Amino acid sequence: MDDRKVRLRIVSVMTDPQGERHETKHARLGALREEHGSVVLTYEDEQDGERAHVVLTASADSAQMRRMGAMSGMLRFEPGVRTSSAYVTVYGEIPVSVFTRRVALETRTDGGNLHLDYDVYVGGEKTSSAEMVITWKA
């Protein structure tokens, strides 16, 4: 199937170990394709002046997010599993892992959404609990 243009809304809520909540909301234009029972979303992201190309692949029970830019890396989301990865930056490699509580994917003919609920660990220490909801419409 060919890529379809979509509008994305990305809402991320991170709660640090002290209980302080940080919420970000972004609107992006992207592309969607379906392959092998998965949804693949691609979009350009910009945060704090840093641009990156993001490829998000999601199925009913897992997801993977690849980010390619000044800070590049890949995160895998599998419920009940802590997966390890690393972000590569101009300053070196930063070890990152996520423990995923939930992956929920809903698709419709006119759009869909992906809900990720997970904990983030940097250098072995928990730095936040996070929820990310990505909604798309054709």
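Just so it is clear, the model here is predicted, and its values are computed rather than measured.
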Contact summary for T127 and P17, nearest pair of heavy atoms
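Minimum heavy-atom separation between T127 and P17: O-CD, 3.1 Å.
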Where is the tightest heavy-atom contact between V98 and Y118, given as atom of each residue plus distance?
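Minimum heavy-atom contact is CG1-CD1, 4.0 Å.
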Would you say the side-chain atoms of D16 and S128 include a donor-acceptor pair closer than 3.5 Å?
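There is no such pair between these side chains.
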Using the rule given for side chain to side chain contact (heavy atoms under 4.5 Å, CB included), can you reason through M65 versus F77, listing the C-alpha separation, both sets of side-chain angles and the distance that settles it, and then say yes or no?
CA-CA 8 Å; M65 182 180 290; F77 302 92; 4.2 Å; yes
Could you give me the CA-CA distance, side-chain angles and deciding distance for V55 and M68, then say whether side chain to side chain contact (heavy atoms under 4.5 Å, CB included) is met?
CA-CA 9 Å; V55 178; M68 293 151 286; 3.8 Å; yes
Evaluate the criterion side chain to side chain contact (heavy atoms under 4.5 Å, CB included) for residue pair R101 and D119; output intermediate values, then yes/no.
CA-CA 8 Å; R101 284 183 289 281; D119 291 332; 2.7 Å; yes
Would you compute the distance between atom [atom1] of [X] and atom [atom2] of [Y] and round it to the nearest 0.5 angstrom?
| X | Y | atom1 | atom2 | answer |
| --- | --- | --- | --- | --- |
| L114 | L116 | CG | CG | 4.0 Å |
| I10 | K25 | CD1 | NZ | 13.5 Å |
| R66 | S72 | CZ | OG | 10.5 Å |

Surrounding [atom1] of [X] (heavy atoms of other residues, nucleotides or ligands, distance under 6.0 Å), is the total greater than 12?
| X | atom1 | result |
| --- | --- | --- |
| E125 | CD | no |
| R51 | CZ | no |
| R28 | CZ | yes |

Dump the intermediate steps for side chain to side chain contact (heavy atoms under 4.5 Å, CB included) on M14 and V120, then the final yes or no.
CA-CA 9 Å; M14 302 191 89; V120 179; 4.0 Å; yes
